[in-house]
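Working notes, beginning with the structure itself.
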Amino acid sequence: MWGGGGGVGAPALAAELFDRGWSVVATARDTTTRTPLHDLADRSDGRVSVEHLDINEPGHLAPLHERLAHRQLDLLFVNAGTTNNEQTPIGAVPTSDFVQVMITNALSPMRVIEALEDLVSPTGLIGAMSSGQGSITNNTTAGREVYRGSKAALNMFMRSFANRQSETQRAFALLAPGWIRTALGGPDAPFTVDESVPLLVDVLLAKLGTPGLAYLDRSGQTVPW
């Protein structure tokens, strides 16, 4: 299952897995607008389905779980991200901006994971899209302070979640995809979605079957917390 949101395009990630022979359950926030995920589903011969989920609406989670209750997931991955005015220092950030970024980037992904984790195979993978900017060690430039903090919070929450499952054989992954040309990354980013997505899927599939949590970049290298 691939959870939609911001950041690296969920349609491209879903399409990459589909092209590698996987069946995919993807989610879309907007039920009124046709998306590339729907186009993918139409050509998938039933191997791709699109479910409704606004990641910031907790009330959507129980109905989604009920609709998926007959399935076992080998991989549950949540991809969500938003940001604020990136040059605003933390002391000047409006409370509403802070709350929106933290909920979307940290709290909501963990709510999805907590709500759906029982559908994941005992030897499956549970992961989320983080960012290299969530690394406290690597923060040498400042800027994007709320975004950085939200991804560091996601990393901490995911680490707690994985620790609660330390006796299982599940794999857990946080991906730092690099700076990618998306609506969130902007036009000046050095990497394209097309070149990035296969690398990210390679990293996830290499982690599948290896228990424990890893914070990994697009090359599969460990990112310092």
Side-chain angles (χ1 to χ4, degrees), residues 1-17 55 75-84 86 90 101-113 124-163 165 170-225:
M1 177 180 172
W2 214 269
V8 182
L13 291 162
E16 181 69 19
L17 280 172
I55 199 168
L75 191 157
L76 171 63
F77 191 82
V78 183
N79 176 32
T82 190
T83 191
N84 67 319
E86 296 173 355
I90 188 63
V101 174
M102 292 296 290
I103 288 176
T104 302
N105 293 3
L107 178 58
S108 291
M110 295 311 304
R111 281 176 167 163
V112 173
I113 287 170
L125 183 147
I126 298 174
M129 192 69 78
S130 183
S131 169
Q133 295 190 27
S135 169
I136 295 173
T137 300
N138 285 348
N139 182 7
T140 60
T141 61
R144 309 193 81 189
E145 293 178 15
V146 177
Y147 180 82
R148 288 178 185 276
S150 70
K151 290 299 186 177
L154 173 65
N155 293 351
M156 179 63 80
F157 298 152
M158 190 67 178
R159 191 160 188 172
S160 293
F161 177 78
N163 284 338
Q165 300 205 13
R170 283 177 173 163
F172 303 93
L174 290 157
L175 291 192
W179 188 13
I180 300 175
R181 266 170 272 165
T182 62
L184 186 64
D188 296 328
F191 303 123
T192 67
V193 170
D194 287 345
E195 68 183 333
S196 300
V197 163
L199 298 176
L200 296 172
V201 172
D202 284 345
V203 172
L204 276 179
L205 298 187
K207 175 60 175 162
L208 185 64
T210 304
L213 174 64
Y215 180 21
L216 303 169
D217 69 14
R218 61 196 281 121
S219 301
Q221 299 300 306
T222 297
V223 181
W225 297 95

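The residues of the chain are indexed from 1 along the displayed sequence. Heavy atoms only: backbone and side chains are in, while hydrogens, waters and symmetry mates are out. Remember, predicted model here, so these are calculated numbers, not experimental data.
- Scored by the salt bridge (Lys or Arg N to Asp or Glu O under 4.0 Å) test, E16 finds R20 as partners (sequence neighbours excluded).
- Taking F161 as the reference, F172 meet the ring-ring contact (aromatic ring centres under 6.0 Å, His included) condition, with sequence neighbours excluded.
- When the side-chain contact (heavy atoms from CB on, under 4.5 Å) test is applied to S131, the partners found at least two apart in sequence or on another chain are Q133, Y147, K151.
- Closest approach of V197 to A12, counting heavy atoms only: CG1-O, 3.5 Å.
- I113 and G127 get closest at one heavy-atom pair: CD1-O, 4.0 Å.
- Shortest non-hydrogen contact noted between M129 and L200 is CE-CD1, 4.3 Å.
- Note on residues 129-142: no pairs pass salt bridge (Lys or Arg N to Asp or Glu O under 4.0 Å), not counting sequence neighbours.
- Listed by chain and residue number, D217, Q221 satisfy the side-chain contact (heavy atoms from CB on, under 4.5 Å) test with S219 (two or more places apart in sequence, or in another chain).
- Not a single donor-acceptor pair under 3.5 Å links the side chain of D202 to the backbone N or O of L205.
- Contacts of L208 classified as side-chain contact (heavy atoms from CB on, under 4.5 Å), with partners at least two apart in sequence or in another chain: W22, L125.
- In this structure, the side chain of R218 engages the main chain of P177 through a donor-acceptor pair within 3.5 Å.
- Among residues two or more places apart in sequence or in another chain, the side-chain hydrogen bond (donor to acceptor under 3.5 Å, both in side chains) test is passed with S135 by none.
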**Prompt:** Do R148 and I90 pass the side-chain contact (heavy atoms from CB on, under 4.5 Å) test, and can you show the C-alpha distance, the side-chain angles, and the key distance before you say yes or no?
**Reply:** CA-CA 11 Å; R148 288 178 185 276; I90 188 63; over 6 Å; no

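- Under the rule for a side-chain hydrogen bond (donor to acceptor under 3.5 Å, both in side chains), the partners of S108 that lie at least two apart in sequence or sit in another chain are N56.
- Side-chain contact between M158 and I126 is present, with heavy atoms from C-beta onward closer than 4.5 Å.
- Residues passing the side-chain hydrogen bond (donor to acceptor under 3.5 Å, both in side chains) test with T137: none are found, sequence neighbours excluded.
- Counting heavy atoms from C-beta outward, L174 and L216 have side chains that stay 4.5 Å or more apart.
- Here the shortest heavy-atom pairing between T210 and A171 reads O-CB, 3.1 Å.
- Listed by chain and residue number, T82, N84, N105, V146, S150 satisfy the side-chain contact (heavy atoms from CB on, under 4.5 Å) test with V101 (two or more places apart in sequence, or in another chain).
- Screening residues 200-225 for ring-ring contact (aromatic ring centres under 6.0 Å, His included), with sequence neighbours left out, gives Y215-W225.
- For R170, the salt bridge (Lys or Arg N to Asp or Glu O under 4.0 Å) partners are E117, not counting sequence neighbours.
- Across all non-hydrogen atoms, the minimal contact from P211 to K207 is O-NZ, 3.6 Å.
- Between the OG atom of S130 and the CG atom of N155 there is a distance of 3.5 Å, given to the nearest 0.5 Å.
- Shown here for T104 and P109, the closest heavy-atom pair between the two residues is O-CD, 3.2 Å.
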